[in-house]
There are 2 protein chains.
Amino acid sequence: MTASLDVPLHDQAGESATTDVAAQVRQVAERAKVASRALATATRATKDAALHALADALVEATAEIVAANAEDLERGRADGLPAGLLDRLELTPERIVGIADALRELAALPDPVGEVVRGSTLPNGLRLRQLRVPMGVVGMIYEARPNVTVDAAGLALKSGNAVILRGGSAAARSNAVIVDVLSRALVARRLPGALVQSIDAWGRPGAVALMHARGLVDVLVPRGGADLIATVVRESTVPVIETGVGNVHVYVDESADLAVALPIILNAKTQRVGVCNAAETLLVHQGVADEFLPAALASLADAGVTIHGDETTLALAPEEVSAVPATDEDWATEYLSLDLAVKVVEDLDEALDHIRRWSSGHTEAIVTRDLAASERFVAEVDSAAVMVNASTRFTDGGQLGLGAEIGISTQKLHARGPMGLAELTTTKWVVQGDGHVRP
Amino acid sequence: MTASLDVPLHDQAGESATTDVAAQVRQVAERAKVASRALATATRATKDAALHALADALVEATAEIVAANAEDLERGRADGLPAGLLDRLELTPERIVGIADALRELAALPDPVGEVVRGSTLPNGLRLRQLRVPMGVVGMIYEARPNVTVDAAGLALKSGNAVILRGGSAAARSNAVIVDVLSRALVARRLPGALVQSIDAWGRPGAVALMHARGLVDVLVPRGGADLIATVVRESTVPVIETGVGNVHVYVDESADLAVALPIILNAKTQRVGVCNAAETLLVHQGVADEFLPAALASLADAGVTIHGDETTLALAPEEVSAVPATDEDWATEYLSLDLAVKVVEDLDEALDHIRRWSSGHTEAIVTRDLAASERFVAEVDSAAVMVNASTRFTDGGQLGLGAEIGISTQKLHARGPMGLAELTTTKWVVQGDGHVRP
């Protein structure tokens, strides 16, 4: 169950209070661990029925959720939150229906639990299976958007896990009500309410305690800005999956079909801004720069994009294009805005060098008709996803057919790229013998 | 290349020296990163030939290695190392041949790199492949045994990775010579010597710097005692795979074939002592305790095992059996010695409760003829490996057909149970389109 809402959200805890928080958060984690056992062996039918029940409960609680959300919005306005953040924070009856529908879509996905990943009979007759099983307890630390609360709970439940949520303080009232609604709906279906718990009431010390609950929490997924992720990586002794920072490159090769290159960079930059798979840097082979860049820069400018270009790029930019000189900071920046760094490179080698130096390892794309160039790019770019003649915006669990995603991993351990349900599971070796002993 | 051997092994570094060490270790990691690129796209033939060359070079350098090892042994004796540790530290010409042969066996294993893990063509025509690729740079922090130096280097190379080694100070001279031999042999085959580097020369500050080289080192594998592993887990910002602690249980069910149960517990406890997959606790259903325990305890005692029993067990122990009362500490202890905790349980539920409370999640076994009991045990025991009617000693990369292992993971992220070559790789999504953009 959720903690009392009377507890102050920003607890300026002293030493002993921090110890108390740690003990209380460990209790939350212990309840989650116990609850996770009930789900670990639950059938898909049980889990899917629960997801539908959660969806129904959210829609039924629309008035309650919207009222709590209004408090968050009011506080947000008083705190001077930017309009964009307020928009992401807002929950309307229509948005709640959308969030509930996402749970129903999860119910329709196959269950990863029980899949036999590897199996064989060994020469000595031992029967070996490596089975997919739930992690147990998943921790999630994230920022403002309250829909993540429901998404994370749904993904965790479908994959057989309990979840402990630490949302942003800006959405605290919304999240508290949502978690309470979900938890009550689980209890109504005779599942443990502790499968979905929030630790928001314990503020930052609670988040720190969660990061230190090794042995009780099996994995921690931070979702949010670079600062949040860096803090979790540094502080956590619970294994972390790093998500999200995308300094994404599109490289237009000498042999590119320019009629294909233009829609790809436009889509990668402007189809949606402020997402990790949007392009931040365009690299253009010098052999096609004269032909490609003037029109491409004009189209980008028409779409509202500000160009941060190297010298060659600036020289090729039509007068009406808003363009400024690029510095190293531009090559390093994930703008998350209608800005694009543009550089003309000598050849594929220079493009690969640039990507090696500045990429965050999320997604890079090449536009080319040259087989050897595409093969080198695919082999040498060390990123979670490499696109050939396709927009970088496809690095997305839904787009790649994973059905849903809890984040996009930019690290190499456990999961790399979009993380779906399977990435919230681990495996167990099951070995059956007939009295086998080791000689 | 290895650092100069003139640097003191135990550097009591002050603040600025620590900063220097951090910078130097980052340089080591950067060299490893660059070197790893050459290997990432190398063919299996290239890697296998290199492994054979490393094996040849080690055998050729036998005199040099044995001489360095003699220095370590001498220092070890002077420092009063126990005989067991000195034995594990010692390298003889025969042992060097054995270590070299292990490299040749690695060469004979399939290459995990390039395997297509998942693949499909999406409804929109995008061709999707998830490929196995090397991690990049693997860090290894381990204790005395110098054969681990070669094993780790071989596993890393075969899976396409560079490796940075931090061995125990007790084996410092042996490791330095081995790393130098391996590095020179790589260079002779026109591969980068920096694929195998040691940071032993920088002592503990070097190990700490390695733990903080996030972004350069892709994964860190600690192998050694519980203290070493706990330190790495706490300190490291590089993702860690926790290995090894095995508080392993064997449960003899009411329906067990006792003629099968006895060899299994004897094998699990005594076939090899001091290894993580050896049994530490025996749980016996009360329904068979009278029949099973007296003979079993006598056989265990014959094999030199000291019994730490609960009251019922002690009452059933024949007089000649060396038995002492068990406390909670016994249930919690990984003895790694000829000691065994023994408890009579009321039923399967109590066995499962006991395991839940005390197991380290490594391996547990059930001996039973009852299908339902075996299925419940397999489903409810939350460990990396679960054995049915087989010895716990089979939790081993070689025994389970993985060919070789870098350790046994007891965490749930990335790898669980024995880690072979595939567990030293990550994946990359490759998406091929024909100008696809996201609608």
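The chains referred to below are lettered A, B, ... by the order of the sequence lines, with proteins before strands, and numbering in each begins at 1.
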Main-chain N/O of A:Arg393 paired to B:Arg438 side chain as donor or acceptor, under 3.5 Å: yes
Residue part contacting chain A, namely of B:Thr41, when any heavy atom lies under 4.5 Å: side chain
A:Pro439 portion near chain B, given a 4.5 angstrom heavy-atom threshold: backbone
Heavy-atom closest contact (B:Pro418 atom, A:Trp429 atom, distance): CD-NE1, 3.8 Å
Beyond-backbone contact of A:Asn124 with B:Phe394, side-chain heavy atoms, under 4.5 angstrom: yes
Portion of B:Gln399 that has a non-hydrogen atom of chain A nearer than 4.5 angstrom: both
Residue pair B:Val233 / A:Arg214, side-chain heavy-atom distance below 4.5 Å: yes
Proximal component of B:Ala379, with respect to chain A [non-hydrogen, under 4.5 Å]: both
Segment of B:Leu122 engaging chain A (4.5 angstrom heavy-atom cut-off): side chain
Point-to-point distance, once rounded to the nearest 0.5 Å, from OG of A:Ser383 to NZ of B:Lys428: 7.5 Å
Separation between CG of A:Leu400 and CD of B:Gln130, rounded to the nearest 0.5 Å: 9.5 Å
Interatomic spacing from NZ in A:Lys412 to CG in B:Asn161 - rounded to 0.5 Å: 8.5 Å
Smallest separation among heavy atoms of A:Val260 and B:Gly435, with atom names: CG1-CA, 3.5 Å
More than 12 heavy atoms from other groups under 6.0 Å of CZ on B:Arg272: no
Pairwise side-chain contact, B:Val133 with A:Arg416, heavy-atom cut-off 4.5 Å (strictly under): yes
Student check: side-chain heavy atoms of A:Thr426 and B:Leu413 closer than 4.5 Å: no
Contact check, side chains of A:Leu402 and B:Arg118, non-hydrogen atoms, under 4.5 Å: yes
Toward chain B, the part of A:Arg356 with a non-hydrogen atom under 4.5 Å: side chain
Within-4.5 Å side-chain heavy-atom neighbours: A:Glu380 and B:Arg37: no
OG1-NE2 distance between A:Thr427 and B:His414, expressed to the nearest 0.5 angstrom: 10.5 Å
Test item: A:Gln432 side-chain N/O and B:Asn389 main-chain N/O as donor-acceptor pair under 3.5 Å: no
Distance-minimising heavy-atom pair for A:Pro239 and B:Gln411: CG-OE1, 4.2 Å
